[in-house]
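Within every chain, numbering begins at 1; the chains are lettered A, B, ... in the order of the sequence lines, protein sequences first and strands thereafter.
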Amino acid sequence: MADNNIRNAKLEEVEQGCVLYNLDPIIMKYHYEVDYIHSYAQDSPFFAGLAKGELKGSRCTKCGSTFATPRSHCMTCGAPTEWMDLPLTGKIHTYTTCYFGGQEFLDETPFTLILVEWPGVDTFFLSRLVGMAPEDVHIGMEVKARFRRLSQFKPTDVYFVKA
Amino acid sequence: MRPVYMVAGGITKFSKASPNKDFRYMVKESFDSAMTDVPDLTLERIDGSVVSYFSDHFTRQLMAGIMVQDYLGLTPKPSRRIESGGATGGMCFQNAWESIASGRMDVVVASGFETMSHVNTWKGNEFIALASDTNFDYPVGGFYTGYYAMMVKRHMYEFGTTVEQLAAVSVKNHKNAMHNPYAQFPAELTIQDVLNSEMVSDPLKRLDICVMSDGAATALLASEEMAYKLTDKPIRITGVGTGTDAMRMADRPSREVILLPHENPEDYKDLKYPGVHSFRGGRVAAKEAYKMAGIQNPLEELDFVELHDAFTSSEIQTYEDLGLCKYGDGGKFVESGAADLNGKVPVNPTGGLLACGHPVGATGLMQAVFAFWQLQGSIGKHFGGDDALQLKNPKRGLIHSHAGTGTYITVSVMERGF
Ligand SMILES: [Zn+2]
């Protein structure tokens, strides 16, 4: 009985084969992908705000430093911050138009990235500028926030257009 | 702290892909090449290692550091892995320095590698962009060239830096590499060639940007006593400095300029600093390293610099952080020829990342190896008899390694010890 089991024992044969590029050395391709469970955790109110058409930064409760990209603790003194609403109009601090990108964004090229500045706010906010030819964009240009109607709960739920 | 010396170095030829050698084999090749120059050094006399690579995504092998240690025949001795983005190699070098300086070890191996050929270029760009804040930055269009393009756009706005000045860096570094047999992409280019190359992220064009590579590098560090036993041409590491800045380049509030010994506050009365045009971490790293090495005026006291030119723009910005010129004068500095092979302070005399390639975990160690050979006067010996890049009698050099948007930056000063 035992001998019979061993005689019939085998790893199951599979028929999907493999993608081979080369034999010497052997180079093969395989797929590599994961579903990832991400929490925005303490940054969640920012993304919830975008869904309501609000752009939220943060202000230090101790030293008063202000952050256009929110953070729950102050980068200057370490104290907790509180949420504050940013004006929906700001200025371009710097910009670029990307004609290439990471694979995830290749289909969206060319796209224009901007850092938005607000007077009295100590840091900037990274976003996309849409509706402008690259050559017409300039530093100091006034821009206003616009929000996606269907929230993706990503920072691109807000984007900017010429004010 | 004890004095620390580099006693040997080795690198592989950087290439777009190296399918015949995996990361362990490449590191072993660089390690063996270093060991050849110190015949009295046996595995038994090595106390441990530091192994660096940037991305688990590129390697798709966690704990690759111990696999290197194992392959080099160094188990069961101490080892650890160092990762700090683009500055991974430079940080590995400094970590090895600490092992000797602290007295914990007498001989330590610093090895680094990256194998970036395992995914296509655009997937590679995506992996690199994961080294930006994945809540706020990556999803907006994660692309490092885009981030650096925004930084130099502001540099151009603040200081009048031009695309021709950026191109001059590319021309210089690619040309230097014509005499470096380890370089992946040596080329004779004109300013016009660079300006005509494909636009990637305005104003950065294809020839303003380094390429992705496979490669490995090794530096062997030792205590004073061991160094003079192992070689008659040891190079002393006389200063190390490390600086940092916020992960998000949007998080750069204005502060006072951090001054080097030769600068005055009046130099920068109206400058908002660092903004996104300058790398505050680079200045902090330089300041710490200069203090340790006793450098008062870097332009006068350094014989050459190997710095992290992943983009032509970052070379110009780094001249300023290192104090080779004032903030804002970086474009004019390269234009003047001061950074040329025969200039006041040759910068990237062996071709830099632009021409040698940038296998991230190896890059900072590659700089250490090139600087080591320069100071030894052994460039010709290691470059197959071609000593066109050997500087005349250099006594002191600086290496500089830099991670994404200036987050981690290392500066190390190396001096002839003989
Ligand atoms: Zn505070």
Side-chain angles (χ1 to χ4, degrees), chain A residues 21-22 24-27 29 32 36 38 40-41 43-44 46-47 65-71 75-76 93-106 108-117 121-128 134-135 137-140 152 154-159, chain B residues 17 19-22 57 60 117-130 132-158 198-206 209 246 248-255 275-277:
Chain A
Y21 281 30
N22 194 15
D24 183 21
I26 293 172
I27 302 175
K29 171 171 151 176
Y32 174 30
Y36 187 78
H38 182 73
Y40 282 128
D43 292 336
S44 298
F46 169 81
F47 295 92
S65 291
T66 47
F67 304 103
T69 312
R71 48 194 303 140
M75 73 187 294
T76 304
H93 182 76
T94 189
Y95 67 97
T96 185
T97 299
C98 298
Y99 297 88
F100 291 93
Q103 189 160 288
E104 185 177 344
F105 306 104
L106 268 186
E108 301 169 31
T109 58
F111 55 82
T112 298
L113 298 176
I114 56 174
L115 281 182
V116 186
E117 62 175 28
V121 180
D122 297 329
T123 64
F124 311 119
F125 181 74
L126 175 69
S127 195
R128 293 253 191 123
E135 59 274 17
V137 186
H138 60 89
I139 287 174
Q152 305 295 308
K154 288 185 174 176
T156 41
D157 283 355
V158 65
Y159 55 94
Chain B
N20 286 302
K21 299 162 190 168
D22 73 4
H57 293 299
R60 205 193 158 272
S117 63
H118 298 200
V119 294
N120 71 48
T121 300
W122 307 118
K123 192 50 128 182
N125 272 301
E126 190 180 302
F127 283 173
I128 293 168
L130 287 170
S132 59
D133 187 311
T134 53
N135 279 6
F136 290 97
D137 290 350
Y138 175 79
V140 181
F143 186 36
Y144 254 102
T145 306
Y147 304 156
Y148 280 83
M150 281 188 279
M151 298 183 107
V152 71
K153 199 71 144 177
R154 189 70 197 189
H155 196 278
M156 295 163 96
Y157 175 85
E158 294 279 344
E198 204 169 11
M199 184 64 84
V200 176
S201 199
D202 174 40
L204 296 174
K205 301 163 195 81
R206 190 76 71 183
I209 307 166
R248 301 191 296 231
M249 71 168 193
D251 291 354
R252 307 288 166 95
S254 291
R255 310 271 196 241
V276 294
H277 50 75

Contact origin within [X] toward chain A - heavy atom pairs under 4.5 Å:
| X | value |
| --- | --- |
| B/Arg248 | side chain |
| B/Asp133 | neither |
| B/Phe127 | neither |

Q. Taking NZ, NE, NH1 and NH2 as the nitrogens, is one of them in A/Arg71 or A/Asp43 under 4.0 Å from a carboxylate oxygen of the other?
A.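 No, A/Arg71 and A/Asp43 are not salt-bridged.
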Q: Check the angle between the aromatic planes of A/Tyr40 and A/Phe47 and answer parallel, tilted or perpendicular using the 30° and 60° thresholds.
A: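 Correct class here is parallel.
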Output the option from [options] having the highest count of non-hydrogen pairs under 4.5 Å with chain B.
| options | result |
| --- | --- |
| A/Cys98, A/Gly101, A/Pro134 | A/Gly101 |
| A/Thr109, A/Thr66, A/Val121, A/Thr76 | A/Thr76 |
| A/Gly140, A/Ser65, A/Pro70 | A/Pro70 |

Q) If you tally heavy-atom pairs under 4.5 Å against chain A, which of B/Met199, B/Arg252, B/Arg60 wins? A)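 Most heavy-atom pairs within the cutoff with chain A belong to B/Arg60.
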(Q) Centre-to-centre under 6.0 Å for B/Phe136 and A/Phe46, is that the case here? (A)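 Here the rings of A/Phe46 and B/Phe136 have centres that are less than 6.0 Å from each other.
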Q.
Check for me whether the distance between the ring centres of A/Tyr95 and B/Tyr157 falls short of 6.0 Å.
A.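 Ring centroids of A/Tyr95 and B/Tyr157 are no less than 6.0 Å from each other.
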**Q.** Atom group of A/Leu106 that falls short of 4.5 Å from chain B, counting heavy atoms
**A.**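 Contact with chain B involves the side chain of A/Leu106 alone.
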Q | Part of A/Tyr32 lying under 4.5 Å from any heavy atom of chain B | A |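 Contact with chain B: side chain only.
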**Q.** No-hydrogen, no-angle side-chain donor-acceptor test under 3.5 Å, A/Gln103 and B/Asn120
**A.**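 Side chains of A/Gln103 and B/Asn120: pair found under 3.5 Å.
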Q: Go through the steps to decide whether A/Phe67 and A/Phe124 satisfy the test ring pair (Phe, Tyr, Trp, His ring centres under 6.0 Å), and finish with yes or no.
A: CA-CA 7 Å; A/Phe67 304 103; A/Phe124 311 119; over 10 Å; no
Q | Close side-chain approach of A/Phe100 to B/Ser201, heavy-atom, < 4.5 Å | A |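 Of all side-chain heavy-atom pairs linking B/Ser201 with A/Phe100, none is under 4.5 Å.
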